[in-house]
**Q** 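Following this message is one structure expressed as structure tokens.
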2 protein chains.
Amino acid sequence: MSRKSLDKATILQAAIELADDMGLEQVTLSSLAQRLGIKSPSLYNHIDGMRGLRRELALHGLQLLCDSMTKAAVGKAGEKALLSIGIAYVAFVREHPGLYEATQPAPDQMDEELVAASYRSVQLLLDVLDEYQLERDDALHMVRGLRSMLHGFASLELRGGFGLKLDTDESLMRMLRTYLSGMELQVRTID
Amino acid sequence: MSRKSLDKATILQAAIELADDMGLEQVTLSSLAQRLGIKSPSLYNHIDGMRGLRRELALHGLQLLCDSMTKAAVGKAGEKALLSIGIAYVAFVREHPGLYEATQPAPDQMDEELVAASYRSVQLLLDVLDEYQLERDDALHMVRGLRSMLHGFASLELRGGFGLKLDTDESLMRMLRTYLSGMELQVRTID
DNA sequence: TATAATAACTAATTATATTAGTTTTGGCAA
DNA sequence: TTGCCAAAACTAATATAATTAGTTATTATA
């Protein structure tokens with residue numbers, strides 16, 4: 001019966017597929033257990049209930065997202081790197097809509113580890129912005145802007161918020177280029 | 001017993017307060033009925049179940065948000081108007097976190113009326129952008145950028161995504177100014 | 001081979017959404 | 001005023017989900 005003994009990674013993988021296929025809210029312990037061929041209480045041997053599962057999904061999603069962004073920035077710098085990161089971000093959300101949703105937990109379930117996982121993306125952006133030689137706070141404001149744009153774009157697209165027949169990839173590139181040209185303008189003005 | 005006979009507006013108001021105070025996911029038909037002093041099945045006399053309630057919240061939220069944005073743009077033009085709209089957007093989300101969350105329903109519950117309500121904000125932004133004399137598609141890409149920024153910023157702030165001790169209002173203003181300066185640059189370059 | 005830990009199971013509890021069917025009530029017409 | 005009817009409340013019942021408690025089976029190991 002407990003033949004191959006399920007492990008947490010397998011459970012997580014099934015949850016991710018379920019989330020991406022059916023939407024995060026469709027990932028119940030029942031549906032997950034059914035997909036794994038076990039009864040839902042058995043899941044408690046591996047994960048800390050629904051809340052624990054959501055947390056694992058968030059951590060895993062943040063990790064994968066940051067990995068994608070990092071990979072996209074390898075060998076690139078400045079605007080090229082930032083555009084590449086932006087494209088990778090949106091591509092990740094398109095590939096993992098449910099998992100991405102899980103990376104945005106309610107504030108009350110935030111803990112140190114989640115904050116740290118989230119901050120890794122912030123650090124990546126700070127590293128790329130490094131060459132612009134901005135003051136620390138100026139760089140942080142820029143990062144907030146970039147994160148807002150990417151999260152907002154990806155979320156709206158995910159929810160079908162862009163109804164019109166207008167190329168979304170084009171919208172993404174323009175948004176990033178517009179923001180970055182505004183940024184360059186500031187940087188040059190300061191010098 | 002059915003003394004003053006509840007109406008839909010009263011129910012909606014209670015649901016909004018519940019959502020803003022406790023979070024949207026805490027708005028159950030049980031909790032809502034309890035707050036109204038009735039039993040949950042009685043709600044079905046006024047609303048079409050949980051799904052219907054969510055839809056009403058979305059519609060109402062989109063309406064209120066668009067009203068706020070519109071009011072903010074009265075008597076203003078260009079960058080001033082856009083900054084004012086952005087501030088109003090974020091202020092609305094801060095005031096109505098739960099209701100705002102309800103304005104982003106899953107794609108499968110989208111219908112014509114919701115799309116129309118959502119499009120009113122798009123039209124407002126298009127109207128403000130009118131003076132820049134952009135091509136239709138250029139303007140639409142700009143609007144997507146603005147919406148993405150505002151939604152992303154508001155969502156991240158709502159979820160406690162901005163952990164650092166750095167003024168968020170300042171971040172918002174800088175984000176908008178950076179984007180708008182990039183936009184002005186493009187417009188001027190085209191001329 | 002026997003035992004201990006692990007991981008599955010069943011059973012039961014609580015909470016929620018929903019439907020069906022019943023009762024109450026408040027307004028309006030006779 | 002009185003009686004009727006539609007609206008809106010109610011109770012009861014069902015289905016799904018999360019969770020806990022307690023039980024059984026299996027696997028690894030002493």
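Numbered from 1 within each chain, the chains take letters A, B, ... in sequence-line order.
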**Q** Given atom CD1 of B:Ile11 and atom P of D:dA8, what is their separation to the nearest angstrom?
**A**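 Value for this atom pair: 10 Å.
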
**Q** Whole angstroms only, please: what is the NE2-P distance between B:His46 and C:dA17?
**A**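 Going from NE2 in B:His46 over to P in C:dA17 covers 17 Å.
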
**Q** Which part of the nucleic acid, if any, lies within reach of B:Thr28 when heavy atoms closer than 4.0 Å are counted: base, sugar-phosphate only, or nothing?
**A**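 Answer is sugar-phosphate: B:Thr28 comes under 4.0 Å of backbone atoms only.
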
**Q** If I take atom CE in residue A:Met50 and atom C1' in nucleotide C:dT14, what distance separates them, rounded to the nearest angstrom?
**A**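 Atom-to-atom, A:Met50 to C:dT14, this comes out as 17 Å.
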
**Q** Would you say the side-chain atoms of B:Glu56 pair up with the backbone N or O of B:Ile47, donor to acceptor, closer than 3.5 Å?
**A**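 No, because the side chain of B:Glu56 does not come within donor-acceptor range (under 3.5 Å) of the backbone of B:Ile47.
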
**Q** Is B:Asn45 side chain donor-acceptor paired with the D:dA9 base, going by distance under 3.5 Å alone?
**A**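 Side chain to base: pair present.
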
**Q** Under 6.0 Å from the six-membered ring centre of B:Phe153 and within 45° of its axis: does the NZ or CZ of A:Arg144 meet both?
**A**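 No, a cation-pi geometry is absent between A:Arg144 and B:Phe153.
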
**Q** Where the side chain of B:Pro41 is defined as all heavy atoms beyond and including C-beta, which of D:dA12, D:dT19, C:dT16 is the nearest nucleotide?
**A**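 Of all the options, the side chain of B:Pro41 is nearest to D:dA12.
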
**Q** Just the rounded figure in Å: distance from P of D:dA18 to CD of A:Gln26.
**A**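 Answer to the nearest Å: 11 Å.
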
**Q** Give a yes or no answer on whether the side chain of A:Arg147 reaches the backbone of B:Gly161 with a donor-acceptor pair at less than 3.5 Å.
**A**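 Yes.
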
**Q** Figure out the CG/C1' separation between A:Leu43 and D:dT20, and round it to whole Å.
**A**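 Nearest whole value for this atom pair: 14 Å.
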
**Q** Taking the side chain of B:Leu29 as heavy atoms from C-beta outward, which of C:dA17, D:dA9, D:dT19 is closest to it?
**A**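 Looking only at heavy atoms from C-beta outward on B:Leu29, the closest nucleotide is C:dA17.
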
**Q** Starting from C1' on C:dA15, measure out to CG on B:Leu32 and report it in whole angstrom.
**A**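 Rounding to the nearest Å, CG of B:Leu32 and C1' of C:dA15 are 16 Å apart.
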
**Q** What contact category does A:Ser42 fall into here, base, sugar-phosphate, or nothing, at under 4.0 angstrom with non-hydrogen atoms?
**A**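 Base, at least one base heavy atom under 4.0 Å.
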
**Q** Rounding to a whole Å, what distance do you find between A:Glu25:CD and D:dT16:C1'?
**A**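 Rounded to the whole Å, the gap is 16 Å.
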
**Q** Can you find a side-chain donor-acceptor pair between B:Thr10 and B:Asp7 that sits under 3.5 Å?
**A**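 Yes, a side-chain donor-acceptor pair sits under 3.5 Å.
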
**Q** Is a side-chain N or O of B:Asp137 found less than 3.5 angstrom from the main chain of A:Leu166, in a donor-acceptor match?
**A**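 No: the side chain of B:Asp137 does not pair with the backbone of A:Leu166.
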
**Q** Please determine if a side-chain N or O atom of B:Tyr44 lies less than 4.0 Å away from the OP1 or OP2 oxygen of C:dT19.
**A**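 Indeed not, no polar side-chain atom of B:Tyr44 lies that close.
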
**Q** Between atom NZ in A:Lys39 and atom P in C:dA8, what is the gap in whole Å?
**A**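 Rounded to the whole Å, the gap is 13 Å.
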
